[in-house]
2 protein chains.
Amino acid sequence: MLLSEDVIVDCALRLVGQHGPDALSVRRLGAALGCDPSALYRYFHNTDDLLLAVADRIIGDAMAGFEPDRMPWRDALREMALRIHRGYREQPRVAALAAYRVTRRHHEIRAVDAGIGLLRRAGFGDADAVRHYSAFVDTVLGHAALDAAHLALPPERREADVRAWTGAYAELSDADHPHLAAARAELPLMAGSSFETALELILSALDAAAPGDTP
Amino acid sequence: MLLSEDVIVDCALRLVGQHGPDALSVRRLGAALGCDPSALYRYFHNTDDLLLAVADRIIGDAMAGFEPDRMPWRDALREMALRIHRGYREQPRVAALAAYRVTRRHHEIRAVDAGIGLLRRAGFGDADAVRHYSAFVDTVLGHAALDAAHLALPPERREADVRAWTGAYAELSDADHPHLAAARAELPLMAGSSFETALELILSALDAAAPGDTP
DNA sequence: CGCCTTATGTCAACACCATTGACGCAATGT
DNA sequence: ACATTGCGTCAATGGTGTTGACATAAGGCG
């Protein structure tokens with residue numbers, strides 16, 4: 001028994017980390033494992049299934065050691081968001097492929113249970129807790145996917161995007177773009193990630209909407 | 001001269017609209033146009049180039065007729081978000097690949113100018129206006145990418161994701177997942193898009209943070 | 001022990017995909 | 001009238017996921 005789900009997922013993460021997202025193909029994976037590509041179908045129904053397993057591994061690693069019960073719900077939600085975001089940011093190439101998927105696997109299920117629990121602790125009713133958790137986690141995943149996609153770009157393309165905000169965007173005619181002209185000095189702020197700003201906005205909105213703590 | 005950039009982009013949009021996102025391939029496009037697939041390379045450097053041309057058309061269509069000056073800044077931001085989200089949602093395959101790009105083109109520049117203008121009108125200083133616009137638009141784009149990617153999935157996989165929330169997720173042991181158990185009846189809420197909930201959260205947070213209107 | 005079943009990896013093949021370079025043809029400008 | 005250019009075709013290359021038949025090894029059991 002050479003292969004196993006874990007061995008394959010390990011290898012997939014290593015492969016994508018080293019050779020980019022396009023390296024994740026059944027054939028290359030088989031070559032890296034030293035087995036026939038079709039052998040993988042003994043362990044995963046198809047490539048989508050494999051991708052979900054990889055995504056769940058990322059979630060599990062990111063959430064390892066998370067103990068939401070030891071802190072206020074806002075802080076716990078913030079830490080959860082930062083963990084997920086960091087986990088995907090460290091594997092940008094996988095994140096770009098998998099951030100938007102429902103893995104239906106163990107680690108994701110645990111995370112969802114914890115997240116909904118935090119919002120119930122904030123005083124939300126069951127329906128509101130689910131709705132707000134959904135909005136919260138999708139916002140985090142959306143930013144993670146965006147930032148990951150940006151990180152996964154070839155370096156020269158990424159630098160061109162950054163330069164756009166400090167260079168090209170700053171040279172537009174003032175008449176056509178009065179607000180860009182007024183805020184010209186601040187435009188480089190557009191180049192970085194806005195994840196933390198958005199996270200604090202969402203958290204403050206949830207705080208304002210929460211019926212009341214039940215600590 | 002049978003072909004042209006416009007004819008090809010038109011056909012690509014029609015093709016995706018009629019036969020689903022997977023229909024967008026050079027071969028099918030060639031077949032639909034009645035020409036050899038390789039003829040498209042006379043007009044576009046590669047498929048990515050073609051995709052960006054299609055994306056540019058989508059952005060232009062989505063923002064056409066937007067007049068932010070005619071309404072309160074919150075309503076204008078909301079409409080802007082809905083327009084961008086709808087535009088991408090109608091072309092999921094294109095959105096999934098292009099939502100995170102900085103186009104640096106005309107329509108994007110206009111939108112950024114308008115958005116920053118709205119936050120300046122809300123009373124934010126230049127730096128805060130840029131920071132908050134960045135967080136706002138990235139949240140919208142992140143959700144658009146997520147929803148689009150979900151819609152771009154093959155139908156049976158999308159349905160499997162939806163079923164996960166109504167089926168598999170509802171059958172977990174209560175002891176291991178107390179909050180999922182408590183909110184079991186509400187879990188199907190996780191299956192749909194959370195974009196509008198998140199949008200209202202962000203808008204209310206911006207509203208609360210705004211120093212004061214300058215209408 | 002010997003047989004039968006099951007698990008697991010191999011192999012060849014199918015049907016797609018993007019992309020490229022050589023080729024022919026027709027129109028255009030000189 | 002001739003050369004050049006633009007444009008579509010053709011054939012080929014090398015990549016992709018997935019499938020079904022085949023071989024081989026491992027246990028379970030009479």
Side-chain angles (χ1 to χ4, degrees), chain A residues 1-55 93-94 96-98 100-101 103 152-154 157, chain B residues 1-16 18-55 91-94 96-98 101 149 152-161:
Chain A
M1 194 191 319
L2 239 142
L3 299 175
S4 74
E5 288 201 10
D6 277 342
V7 168
I8 296 173
V9 169
D10 283 344
C11 186
L13 273 172
R14 192 160 19 89
L15 205 59
V16 173
Q18 286 177 358
H19 298 96
D22 295 338
L24 189 55
S25 77
V26 179
R27 286 174 150 83
R28 282 175 200 253
L29 204 42
L33 286 162
C35 71
D36 192 90
S38 63
L40 304 184
Y41 290 94
R42 300 273 177 210
Y43 299 88
F44 298 97
H45 182 249
N46 49 35
T47 36
D48 194 61
D49 200 23
L50 167 61
L51 196 70
L52 293 182
V54 173
R93 319 203 130 103
V94 177
L97 296 172
Y100 58 89
R101 301 305 308 279
T103 74
L153 284 176
R157 207 111 138 261
Chain B
M1 195 194 314
L2 236 143
L3 299 175
S4 74
E5 287 200 12
D6 277 341
V7 168
I8 295 172
V9 170
D10 284 343
C11 185
L13 278 170
R14 192 160 21 89
L15 204 58
V16 173
Q18 286 178 357
H19 297 93
D22 292 337
L24 189 56
S25 78
V26 179
R27 283 174 149 79
R28 284 176 201 252
L29 203 43
L33 286 162
C35 70
D36 191 273
S38 63
L40 304 184
Y41 291 93
R42 300 269 177 212
Y43 299 90
F44 299 98
H45 183 248
N46 51 33
T47 21
D48 197 60
D49 201 22
L50 166 62
L51 209 69
L52 289 182
V54 176
Q91 296 295 342
R93 172 75 190 270
V94 178
L97 297 170
R101 299 280 181 87
L153 288 175
E156 78 276 5
R157 259 168 219 160
R158 186 165 70 250
E159 282 160 23
D161 276 11

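Throughout, a chain's letter reflects where its sequence line sits, starting with A, and its residues are numbered from 1. Because the structure is predicted, anything quoted here is derived from the model rather than measured.
For D/dC10, its base sits under 3.5 Å from the side chain of B/Ser38 at one donor and acceptor pair at least.
Rounded to the nearest 0.5 Å, atoms CG (A/Leu97) and CG (A/Leu51) are 5.5 Å apart. Rounding to the nearest 0.5 angstrom, the gap separating the CG atom in B/Asp10 from the OG atom in B/Ser4 is 7.5 Å.
Side-chain contact between B/Val54 and B/Leu50 is present, with heavy atoms from C-beta onward closer than 4.5 Å. Between A/Phe44 and A/Val9 the shortest side-chain heavy-atom distance falls below 4.5 Å.
Distance A/Asn46 CG to D/dG20 P: 14 Å, rounded to the nearest Å. Between A/Leu40 atom CG and C/dG9 atom P there is a gap of 9 Å when expressed in whole angstrom units. The CG atom of A/Leu3 sits 4 Å away from the P atom of C/dG9 (whole-angstrom rounding). Rounded to whole angstrom, the span from the CD1 atom of B/Ile8 across to the P atom of D/dC7 amounts to 11 Å. Going from atom OH of B/Tyr41 over to atom P of C/dA22 covers 17 Å, rounded to whole Å. If you take CG of A/Asp22 and P of C/dC17, they are 18 Å apart, rounded to a whole angstrom. Rounded to an integer number of Å, the gap from B/Leu51 CG to C/dA18 P is 11 Å. If you measure from atom CZ of A/Phe44 to atom P of D/dT19, you get 16 Å, rounded to the nearest angstrom.
The A/Arg42 side chain lies nearest to D/dA21 when the options are D/dA21, C/dA22, D/dT19. Listed candidates were D/dT19, D/dG8, C/dA18. Nearest to the side chain of B/Ser25 is C/dA18. Relative to the side chain of A/Tyr43, the nucleotides C/dA22, C/dT8, D/dT19 differ in distance, and C/dT8 lies closest.
Partners of B/Asp6 by salt bridge (Lys or Arg N to Asp or Glu O under 4.0 Å), not counting sequence neighbours, listed by chain and number: B/Arg57.
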Can you list, pair by pair, the side-chain donor-acceptor contacts under 3.5 Å of residues 12-30 of chain A, counting residues two or more places apart and other chains?
unit_1, atom_1, unit_2, atom_2, d
A/Ser25, OG, A/Arg28, N, 3.2

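Contacts classified as salt bridge (charged side-chain N to carboxylate O under 4.0 Å, His left out) and involving residues 34-51 of chain A (residues at least two apart or in different chains) are given here: A/Asp48-A/Arg101, A/Asp48-B/Arg157, A/Asp49-A/Arg105.
Residue whose closest nucleotide on DNA chain D sits further toward the 5' end, between B/Ala39 and A/Pro37: B/Ala39.
Taking every heavy atom of residues 26-36 of chain B and every atom of DNA chain D, pairs under 4.0 Å involve B/Cys35, B/Asp36, by number.
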